[in-house]
Protein chains: 2
Amino acid sequence: MPTESRALSRVDGPNNQLLGSLDPDVYRRLASQLELVPMIRDQSICLPGSKLSHAYFPVSCVISLVHMLEGGATGESAVIGNEGMLGVAIFTGGYTMATEASVQIEGNAYRVSAEALMDEFNRSESTRNHLLRYTLALFAQTSQTAVCNRHHSVQQRLCRRLLLTLDRLPGNELHLTQEQIAITLGVRREGISEAASRLQSVGLITYKRGKITVLDRNGLEAYACECYQVVKEECERLENTPALPRKQHPYSVERRRRVRPPPPEVTRLPRH
Amino acid sequence: MPTESRALSRVDGPNNQLLGSLDPDVYRRLASQLELVPMIRDQSICLPGSKLSHAYFPVSCVISLVHMLEGGATGESAVIGNEGMLGVAIFTGGYTMATEASVQIEGNAYRVSAEALMDEFNRSESTRNHLLRYTLALFAQTSQTAVCNRHHSVQQRLCRRLLLTLDRLPGNELHLTQEQIAITLGVRREGISEAASRLQSVGLITYKRGKITVLDRNGLEAYACECYQVVKEECERLENTPALPRKQHPYSVERRRRVRPPPPEVTRLPRH
DNA sequence: ATGCTTATGTGACCGAGCGCACAGACAGCC
DNA sequence: GGCTGTCTGTGCGCTCGGTCACATAAGCAT
């Protein structure tokens, strides 16, 4: 990870991986324009439809892209942490996003003006490659979430969501309330309460008033739906240049009625 | 819409809007490389993980991006028609997609090799702008679908899906079976049967063995969830250069518990 | 301590949509 | 014509998660 800039070396935590993947000279130019800003919990970085003045590269915070429907129902389309950035809409055109971006877990982020980012984007193919690869990873995450929301249980999605957050932070503690999780998963707070209680009773996590501690990461993966692995693998694949070949997926919609895949091995907890 | 190429003027139906939005000289160069290919129903254009050799610009067909989960459950993340293209993964890096793309409604499409498309993408900022704007529109659609899947009824989503398809085709007939729709919405075929039957009984549509005729487009919009309008408006906004300002969205997750938005006006059909 | 606010636990009831198991009905083909 | 495969309609029991309505508890300020 580059550490050229004095401003950047102030940070004690890990840096942002997407920034770190840029070519050294690009990074050097950008570094002089980066500001380290504190991101406070539940802060709305940008409301849906408002123009993005800056792109944010999380260092120790986690940002959630959330939709709110008429009537107040909510749902998240993607999580952003130190692997990526908030603001792909800047270089994909439009400067505005359809979703609200809010800080789910407090921490720091680097930010850079939309204009400076666009300059670099237009300046080199390599920079475009990195930023657009991340865009594709974000797309994959959103896309998987769409299907996950449709088919997986609250408990499975809770596990997935905890793991995704954990991957973006050091340590094994998450400062999250059940209400916050409920908003991202688009379910009732009580639903999270029940699912979390079950996970605690089998020793996967402990939690207490807004702090969740993951005790058994592997166990949590076993209870999560496949979506966690799918998203994670796609992210890792796209972080590498040139692209790694992707694992072939054995199923095809074309054959849905003919070749049914084998039933899944159910790894669900009993209700009580 | 440009009609420079002899090859292109053979088409009787409408051309592809994304192609048509490109600068005339870019379009001219691409046109010589475009092939008009027939897209047959349920054909899988690319399996998840396989490399995209071509980008496809639908003219009279509709393509669906579908996920299949372990166990065979399915769900669509986006619809692509003559407003856009299949293959944004080509220029966003990786050349491979995480989803399967299959032809939902037969017709024609232009295709161009991935390399030729990349050449143009790197050649001008204007071309990048157009292609990336469409990418953002696709992202917005996927993102909205994620939340829609979570909160809206089968009937609402059926209406949304019919309207999205209708927008991408001339006329008011859709060659779609209930089974195909069920796959995209990720529900049982029987569920579509019930919802469609209700829509027919109030005179919004008629249908018969794989052919759906929309009788009352406005009525259908009233029964659809908000997601249809949201996606449509975002697409229209992004088709214009420079970007039109986006309608401000009145809700904010930040305030979810404090300022509850007013309850929605329920425009749902009774179950029977 | 004494409250107050925020976070979490629980239970009763209900409804949309699922799985399953059929029964018709239409279209193409020999 | 009759056969066959595809498409559509219907009923029944079940379950997850939603709504509503509280109870409890942990942290914080005075």
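Predicted model, so just to flag it, every value in this text is computed and none were measured. In what follows, every chain begins at residue 1, and chains take the letters A, B, ... in the order their sequences are listed.
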Does a side-chain N or O from [X] land closer than 4.0 Å to OP1 or OP2 of [N], or not?
X: A:Ser193; N: C:dG9; value: yes
X: A:Gln155; N: D:dC16; value: no
X: B:Tyr207; N: D:dG9; value: yes
X: A:Arg150; N: C:dC18; value: yes

Can you list the residues that meet the salt bridge (Lys or Arg N to Asp or Glu O under 4.0 Å) rule with A:Arg111, with sequence neighbours excluded? A:Glu35

Whole-Å distance between D:dG18 P and A:Asn149 CG? 11 Å

From the list C:dT8, D:dC7, C:dC26, which nucleotide is the closest neighbour of the side chain of B:Thr177? D:dC7

In terms of side-chain heavy atoms of A:Arg41, which of C:dG17, D:dT10, C:dA7 is nearest? C:dA7

Please list all pairs passing the salt bridge (Lys or Arg N to Asp or Glu O under 4.0 Å) test where one or both residues lie in residues 161-175 of chain B, with sequence neighbours left out. B:Glu76-B:Arg161, B:Glu83-B:Arg168, B:Asp167-B:Arg217, B:Glu173-B:Lys211

Under 4.0 Å, counting only non-hydrogen atoms across every strand here, what does A:Gly210 touch: a base, just sugar-phosphate, or nothing? sugar-phosphate

Residue set satisfying side-chain contact (heavy atoms from CB on, under 4.5 Å) with A:Leu86, at least two apart, ordered chain then number -> A:Ile45, A:Tyr56, A:Ile63, A:Leu65, A:Ile80, A:Met97, A:Ala101

N/O contacts under 3.5 Å, protein versus nucleotides 12-14 of chain D?
none

Which residue lies more 5' along DNA chain D, comparing A:Val154 with B:Lys211 via nearest heavy atoms: B:Lys211

Under the ring-ring contact (aromatic ring centres under 6.0 Å, His included) definition, can you give me all pairs with a residue in residues 139-187 of chain B, not counting sequence neighbours? A:Phe139-B:Phe139

For B:Ser77, which residues count as a side-chain hydrogen bond (donor to acceptor under 3.5 Å, both in side chains) partner, sequence neighbours excluded? A:Ser143

Overall bend - the helix from C:dA1-D:dT30 to C:dC30-D:dG1, comparing terminal axes fitted on five pairs, nearest 10 degrees: 30°

Where do N or O atoms of nucleotides 21-25 of chain C meet protein N or O atoms at under 3.5 Å, pair by pair?
{"from": "C:dA21", "atom 1": "N6", "to": "B:Glu190", "atom 2": "OE2", "distance (Å)": "3.2"}

